[in-house]
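Encoded as structure tokens, the structure appears first; notes follow it.
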Number of protein chains: 4
Amino acid sequence: MNITLKQAEAAILAAKAKAIEINTLMNIAVVDSGTNLVAFAHMDDAWLGSIDISQRKARTARYFNMNSGEIGKLSQPGGPLYNIEHSNGGLISFPGGVLIKNSDGVILGAIGVSGDSVENDHIVAQAGADAIK
Amino acid sequence: MNITLKQAEAAILAAKAKAIEINTLMNIAVVDSGTNLVAFAHMDDAWLGSIDISQRKARTARYFNMNSGEIGKLSQPGGPLYNIEHSNGGLISFPGGVLIKNSDGVILGAIGVSGDSVENDHIVAQAGADAIK
Amino acid sequence: MNITLKQAEAAILAAKAKAIEINTLMNIAVVDSGTNLVAFAHMDDAWLGSIDISQRKARTARYFNMNSGEIGKLSQPGGPLYNIEHSNGGLISFPGGVLIKNSDGVILGAIGVSGDSVENDHIVAQAGADAIK
Amino acid sequence: MNITLKQAEAAILAAKAKAIEINTLMNIAVVDSGTNLVAFAHMDDAWLGSIDISQRKARTARYFNMNSGEIGKLSQPGGPLYNIEHSNGGLISFPGGVLIKNSDGVILGAIGVSGDSVENDHIVAQAGADAIK
């Protein structure tokens with residue numbers, strides 16, 4: 001199964017609303033179950049470098065079917081997945097990438113958010129993902 | 001000056017409406033005056049290879065401040081810009097990339113559309129750009 | 001819908017049989033509907049440069065939902081898609097990439113074959129795709 | 001000397017059997033003594049990000065003629081090969097890449113496995129390599 005554009009736009013709308021609520025500026029990307037980009041939004045004056053990072057976070061979450069930050073816990077020096085970021089053309093392994101599932105738990109794609117602290121990035125991404133459940 | 005997310009979303013909305021009107025499926029990308037991605041939409045079942053192409057068309061238009069197809073006229077064998085497509089990480093020089101200007105003619109960014117014949121790609125891109133004027 | 005490993009292996013088996021029948025050596029790649037690699041086989045002493053080409057042909061076919069060689073007809077100098085090969089990290093637009101569909105015509109993925117003349121590449125790819133219908 | 005496709009397919013078959021035995025889903029890649037891809041299999045629903053990683057593990061093992069995880073011990077901060085992962089287009093230096101040798105100890109190629117914990121990745125890769133000895 002795959003996310004639709006209508007669902008991806010709903011996720012971005014919810015993520016933007018959360019970003020406004022917590023008073024921040026974000027880049028928000030949604031990829032499908034094959035990691036292809038479906039929808040994207042760059043809020044005015046959000047970090048330009050996060051345009052790329054938000055997309056990588058979304059792909060990273062779908063690549064391994066877990067939140068992007070979970071990868072980062074394992075990829076530290078001495079950790080089992082040290083330097084996994086060199087794969088797949090460059091991963092981003094800190095928080096802000098979250099899987100999107102339907103109400104049956106089937107993976108439809110993933111959302112990646114970047115533009116602020118990783119805590120806030122994750123909060124906004126989760127709000128986007130929750131809009132689809 | 002720079003395109004806002006609100007304007008970029010309006011351009012995508014108009015482009016989607018035109019795509020539906022002419023019965024086709026498109027990928028639609030909007031970049032700002034610095035060639036950074038502002039908004040993107042992949043219509044369900046549109047070509048996956050056009051996700052990348054739509055973004056390159058938008059950047060190509062803004063890189064040289066002309067429609068992407070104008071570059072292609074100059075980049076043919078024997079032409080003055082032969083194989084310019086090798087620059088900037090890969091240009092797309094056929095139609096479907098159109099500048100977005102405000103009512104004073106100031107460039108705000110560009111829109112790139114891909115998913116069908118280049119004639120239809122251009123029609124949909126122009127509809128998106130016209131929504132901002 | 002997406003191709004299974006069992007189906008991909010059946011496609012490769014049929015493609016190898018056809019390659020042996022016409023007395024040639026091939027590289028054979030199968031991608032899923034999201035363009036991700038599912039299975040691959042390099043016949044002993046087949047061209048090394050075709051390991052990469054076979055994968056690009058398969059992706060190119062799925063990117064635009066047509067045989068890879070159809071893209072090449074449109075991407076010639078003066079053609080509407082001139083130099084499209086610069087997109088998506090590098091396309092291969094000559095024959096040898098063929099869509100894989102189920103009996104209902106739903107796209108499951110694509111097969112790419114490289115190692116000989118493009119005519120033979122296409123024959124072997126088609127034999128692989130036909131094994132799934 | 002070089003691994004044959006028949007041997008590579010036998011290694012993948014043994015690796016798949018081990019993956020099923022330990023109840024996991026893997027991506028399995030076999031490269032020849034020149035680090036070129038010979039055969040690949042993506043088990044249904046295995047991690048998509050591991051398609052790339054499995055191939056990098058196999059190449060990493062053959063690049064330095066040791067298990068991929070041995071490189072990771074040397075590439076940590078302060079270690080003699082710190083950040084060697086930046087070479088060769090991106091190495092993967094954690095376990096799951098294992099050399100394939102014949103009964104005389106001659107290197108024929110390598111196998112890379114990714115899809116689960118690095119311990120399980122290594123177990124499955126070793127099972128594949130052992131099928132050739």
Side-chain angles (χ1 to χ4, degrees), chain C residues 1-17 19-20 24-59 62 89-90 100 108-115 124 128 132, chain D residues 1-17 19-20 24-59 62 89-90 100 108-115 124 128 132:
Chain C
M1 288 188 75
N2 222 339
I3 196 165
T4 64
L5 176 56
K6 194 171 177 181
Q7 289 174 311
E9 289 175 336
I12 287 182
L13 196 67
K16 281 198 296 184
I20 291 167
T24 188
L25 299 173
M26 292 295 189
N27 295 272
I28 308 159
V30 175
V31 299
D32 66 15
S33 58
T35 77
N36 298 295
L37 189 66
V38 178
F40 175 81
H42 163 79
M43 294 175 74
D44 299 343
D45 299 320
W47 288 340
L48 293 175
S50 290
I51 295 171
D52 177 73
I53 290 174
S54 61
Q55 296 178 59
R56 290 182 192 276
K57 283 182 179 176
R59 287 200 302 268
R62 171 53 183 152
I100 297 177
L108 303 177
I111 183 169
V113 173
S114 179
V124 171
I132 307 305
Chain D
M1 287 189 75
N2 219 340
I3 196 165
T4 64
L5 176 55
K6 193 172 176 179
Q7 289 174 311
E9 290 174 335
I12 286 182
L13 195 67
K16 281 198 294 184
I20 291 167
T24 189
L25 300 172
M26 292 294 189
N27 295 271
I28 309 159
V30 175
V31 300
D32 66 14
S33 57
T35 76
N36 300 294
L37 189 66
V38 177
F40 174 81
H42 163 79
M43 293 176 75
D44 299 342
D45 298 319
W47 288 340
L48 292 175
S50 289
I51 296 172
D52 178 74
I53 291 174
S54 62
Q55 296 178 59
R56 291 182 191 277
K57 283 181 178 176
R59 289 200 302 268
R62 171 52 183 153
I100 297 177
L108 303 177
I111 184 170
V113 172
S114 179
V124 171
I132 307 304

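Every chain is numbered from 1, with letters handed out A, B, ... down the list of sequences.
Contact count against chain C (heavy-atom pairs under 4.5 Å) is highest for Val38(D) among Asn2(D), Val38(D), Ile51(D).
Residues His42(C) and Leu48(C) have side chains in contact (heavy-atom distance under 4.5 Å, counting atoms from C-beta outward). When side chains are defined from C-beta on, Thr24(C) does not count as touching Met43(C), because their heavy atoms never get closer than 4.5 Å.
The structure places CD1 of Ile100(C) at 4.0 Å from CD1 of Ile3(C), a figure rounded to the nearest 0.5 Å. Distance check, rounded to the nearest 0.5 Å: CZ of Arg59(D) to CG of Asn36(D) gives 9.5 Å. Between the CD atom in Gln55(C) and the OG atom in Ser50(C) there is a gap of 11.0 Å [rounded to 0.5 Å].
With a 6.0 Å radius and a threshold of 12 heavy atoms from other residues, nucleotides or ligands, Asp44(C) has its CG atom above the threshold.
When the heavy atoms of residues 25-34 of chain D are compared with those of chain C, the residues falling under 4.5 Å are Asp32(D), listed by number. Inspection of non-hydrogen atoms places Leu5(D), Glu9(D), Lys16(D) of residues 5-17 of chain D under 4.5 Å from chain C.
Nearest heavy-atom pair, Phe40(D) versus Ser54(D), reported as atom, atom and distance to 0.1 Å: CE1-OG, 3.5 Å.
Panel note: side chain Arg56(C), backbone Gly112(C); no donor-acceptor pair is recorded below 3.5 Å.
With a threshold of 4.5 angstrom between heavy atoms, Leu37(C) approaches chain D through its backbone and through its side chain.
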